[in-house]
Amino acid sequence: MTYNYKSSFLQKLSTRGFLYQCTHDQEMDNLFAEGPQKLYIGFDATADSLHVGSLLPLMVLRWAHLCGHEVILLLGGGTTLVGDPSGKEETRTILTKEIICTYTKGIKESVGKLLPMQDDRVRVLNNADWLASLNYLDFLRDIGSLFSVNKMLALESVKTRLDRAQNLSFLEFNYMLCQAYDFFVLSDQQGCMIQGGGSDQWGNIVSGVDLIRRKSGKQAYGLTFPLIETRDGVKMGKTAGGAVWLHPEKKSAYDYWQYWRNVDDREIERFLLLFTCLDEETISDIVKGDPNKAKIRLADEATRLLRGEEVLGAIHETVAALSQEKAPYTVTTTPEGFPVVNTDLPLYKVNRSFLEQDSLLMNLLIEAGAIESKSAVRRLIRDGALSLDGEKIQDELYQISLKDLIDPFVIHIKIGKKKNLLLQVLP
RNA sequence: GGGGGGAUAGCCAAGUGGUCAACGGCAGCAGACUGUAAAUCUGCCCGCGAUUGCGUUCGUAGGUUCGAAUCCUACUCCCCCCA
C-alpha cells in the first residue's frame with residue numbers, strides 16, 4: 001500500500017520499506033507533520049547484546065531522531081522478568097534479575113553509534129523502574145480490570161500458543177499487560193503517545209493504545225515494522241557463526257563488515273534502504289552498478305552507522321591485504337622492545353616453547369585455541385580448506401618448526417575461503 | 001473421564017530384535033565453478049581419536065535378551081476423537 005504522507009518521517013519510513021501496520025495512518029501522519037513527537041520502542045533484555053534483527057527498529061528510532069522527533073529507547077528490565085510469549089512457540093527460559101540487569105547494560109552499549117545518546121532528544125528508560133515496585137492488588141484493580149480476557153484470548157500471539165496446546169503460563173499471559181502499562185506510563189509521565197515495534201508486537205502495542213484510551217481518554221498510536229527474513233526464509237541475523245551481534249565485544253568490526261559484504265545480491269537494495277541512511281536516489285544509482293561495489297558500500301555504510309567512521313580504514317586495509325595476498329597485519333614495537341601485532345583479524349597466541357617440543361601443525365592450532373580438535377583440523381586439511389601464509393596444507397600430519405618462521409613469528413591461517421586468522425608465536 | 005496415535009541427531013523424517021552412529025531431505029561446513037553473490041555439481045556432517053578404535057545417542061527410568069531405537073513394565077509430555 002502506498003500512501004503519500006505529509007510528515008517527512010512517515011514518508012521516509014514508507015518509501016524505505018519500514019512500515020508494516022499502523023493503528024491510525026492519517027492521524028499519526030498529521031501528528032508527525034505538526035511538530036516534534038515522542039516515539040518509543042522497547043527492547044527486552046534476553047541477551048547481553050542486540051543483534052541485527054533489532055537493527056530495523058533502531059533505524060526507525062534513528063530516522064525519527066533525524067526528522068526532529070524525540071525518541072525513547074525502553075529497556076525491558078522489568079518485562080524480561082515476565083518473558084514475551086509473542087512469536088515464540090515455547091516458553092522462554094526464565095532469567096534471573098541479576099542476569100537481566102547485566103543484559104540491559106549490554107543492550108544499551110550495543111546500540112553503539114546508531115543513536116546519539118547524549119542528545120537531549122534521545123532518552124533511555126528502563127521499565128523495571130516502574131514495573132518492579134508495582135503492588136499486585138493495586139495493579140489488578142487499576143489495570144487488570146480494564147483488560148478483557150476474552151479479547152486477549154483472541155489475539156494471535158496467545159491463540160497460537162493455545163491452539164497448539166503449548167503451555168502458556170499465567171506469568172507469560174501477563175506480559176501484554178506489562179507492555180500496555182509501559183505505554184500508559186510513558187504516555188502519562190513523558191507524554192509519549194506513539195509506540196513502535198516489530199510486527200509480532202502488534203497485539204501488545206494495540207492493547208497499550210486501548211489501555212491509554214480507557215485510562216486517560218487519550219488517543220495513542222502504534223506502528224509496526226516488518227520482520228526481515230532472508231531469501232531462505234531464515235530470520236535475519238543468524239549465520240554460521242551464530243547471531244550477528246551489535247555489541248563490539250561480541251562481533252568485531254571486521255566481521256560485522258563482512259556480514260554485509262556477503263549478503264545475497266537480491267537483498268542489496270532492500271538492505272541499503274533499511275540499514276543505511278543514504279538517500280533514495282543515491283541508492284538507486286548504486287543498485288544499477290556492480291553488485292560487489294554495492295555490497296561494499298552497504299558494508300561501509302552499515303558499519304559506519306553502528307561503529308563509527310574510524311573503524312573503516314583498518315577494515316579496508318585488511319580486505320585489500322587479503323585480496324593481494326599481502327600480510328593482513330602490521331607489527332610495531334613497544335618502547336620495551338616487544339613486538340605488537342596490529343590487525344583486524346582474530347589473533348591467537350602460542351608460546352615459542354610449545355613449538356620447541358611439538359611440531360605438529362594440528363597441535364599448534366589447538367594449543368593456540370584456533371581450532372577445537374584434531375579431528376576438526378584433519379577434516380579441514382582433508383577437504384583442502386586450510387592454508388598457511390597462502391600455501392595449501394595437504395598433509396594431515398604437517399610439521400612446522402621454528403626454522404620455518406621468519407621474524408615477527410606471525411602465521412596467517414586461512415580456513416576455507418573467508419575465515420582468516422593470525423597465529424603469533426611469542427618469543 | 002473414555003478411546004486412538006505419537007515422542008528418533010540443529011530441524012523435518014525413515015527405521016520396528018543383530019548387517020544401526022541409525023535411509024532420505026533441509027540447514028551447516030568444505031571443494032569445483034564464480035563475483036567474498038546466486039544456481040549447480042562433489043565431499044564432510046554425534047563427539048573424540050585414528051588405516052579398521054573409543055565414547056555417547058532414538059522422550060525418562062527400569063526389565064527381557066548373547067544382543068534393543070526396535071520387545072515388556074512404569075512414568076512424563078504431545079496430538080486426535082468421543083464425553
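Just the heavy atoms: all of them, side chains too, but no hydrogens, waters or symmetry mates, feed the values below. Reminder, nothing fancy here: chain letters follow the sequence lines and each chain counts from 1.
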Any-strand Watson-Crick or G-U partner of [N], both distances under 3.5 Å:
N	result
B:rG55	B:rC46
B:rC71	B:rG63
B:rG17	none
B:rC77	B:rG6
B:rG1	B:rC82
B:rC11	B:rG25

Practice item. Run the salt-bridge test on A:E70 and A:R121 with the 4.0 Å N-O cut-off and return the result as yes or no. Key: no
Point to revise | Presence of salt bridge, A:K288 and A:D285, under 4.0 angstrom | key: yes
Review point. For A:K417 and B:rA32, is the shortest distance between a side-chain N/O and OP1 or OP2 below 4.0 Å?
Key: yes
Practice item. Would you tell me if any nitrogen or oxygen in the side chain of A:K414 comes within less than 4.0 Å of OP1 or OP2 on B:rU36? Key: no
Point to revise | Candidate nucleotides B:rA38, B:rG43, B:rA50, ranked by approach to the side chain of A:R266 - the nearest | key: B:rA38
**Study point:** Candidates B:rU36, B:rA30, B:rA38 - which lies nearest the side chain of A:D264
**Key:** B:rA38
Enumerate donor-acceptor pairs with a distance under 3.5 Å from any side-chain N or O in residues 99-112 of chain A to protein atoms, sequence neighbours excluded.
unit_1 : atom_1 : unit_2 : atom_2 : d
A:T102 : OG1    : A:I99  : O      : 2.8
A:T104 : OG1    : A:I100 : O      : 3.4
A:T104 : OG1    : A:C101 : O      : 2.6
A:E109 : OE1    : A:H247 : NE2    : 3.3
A:S110 : OG     : A:L50  : N      : 3.2
A:S110 : OG     : A:I107 : O      : 2.8

Review point. Can you pull the ring-ring contact (aromatic ring centres under 6.0 Å, His included) pairs that have at least one residue in residues 338-383 of chain A, sequence neighbours excluded?
Key: none
Check your understanding: So which pairs with a foot in residues 138-158 of chain A pass ring-ring contact (aromatic ring centres under 6.0 Å, His included), sequence neighbours left out?
Key -> A:F139-A:Y181
Just list the side-chain donor-acceptor pairs under 3.5 Å for residues 416-427 of chain A, sequence neighbours left out, or say none.
unit_1 : atom_1 : unit_2 : atom_2 : d
A:N420 : OD1    : A:H412 : NE2    : 2.8
A:N420 : ND2    : A:K418 : O      : 3.4

Between [N] ([atom2]) and [X] ([atom1]): distance, integer Å:
X	N	atom1	atom2	answer
A:K295	B:rU34	NZ	C1'	12 Å
A:L360	B:rA50	CG	C1'	13 Å
A:I415	B:rG31	CD1	C1'	15 Å
A:W260	B:rA37	CH2	C1'	15 Å

Exercise for review: Describe the nucleic acid contact of A:V319 in one word from base, sugar-phosphate, nothing, applying a heavy-atom distance below 4.0 Å.
Suggested key: base
Practice item. Strictly below 4.0 Å, heavy-atom distances to any atom of RNA chain B: list the hits from residues 366-381 of chain A, or just say none. Key: A:S373, A:K374, A:S375, A:R378, A:R379
Point to revise | Within residues 388-398 of chain A: residues closer than 4.0 Å to RNA chain B (heavy atoms) | key: none
Review point. Any donor-acceptor pair under 3.5 Å joining the side chain of A:D290 to the base of B:rG35?
Key: no
Practice item. Report yes or no: is there a donor-acceptor pair, N or O only, under 3.5 Å between the side chain of A:K419 and the base of B:rU36? Key: no
Check your understanding: By salt bridge (charged side-chain N to carboxylate O under 4.0 Å, His left out), which residues pair with A:K113, not counting sequence neighbours?
Key -> A:E310
Exercise for review: Could I get the full list of side chain to side chain donor-acceptor pair (under 3.5 Å) partners for A:K414, not counting sequence neighbours?
Suggested key: none
Revision key, fill the gap. Residues at least two apart in sequence or cross-chain that pass ring-ring contact (aromatic ring centres under 6.0 Å, His included) with A:H69, listed by chain then number, are A:F9, A:F32
Exercise for review: Over 60° means perpendicular and under 30° means parallel, so classify the ring planes of A:W260 and A:F271, tilted if in between.
Suggested key: perpendicular
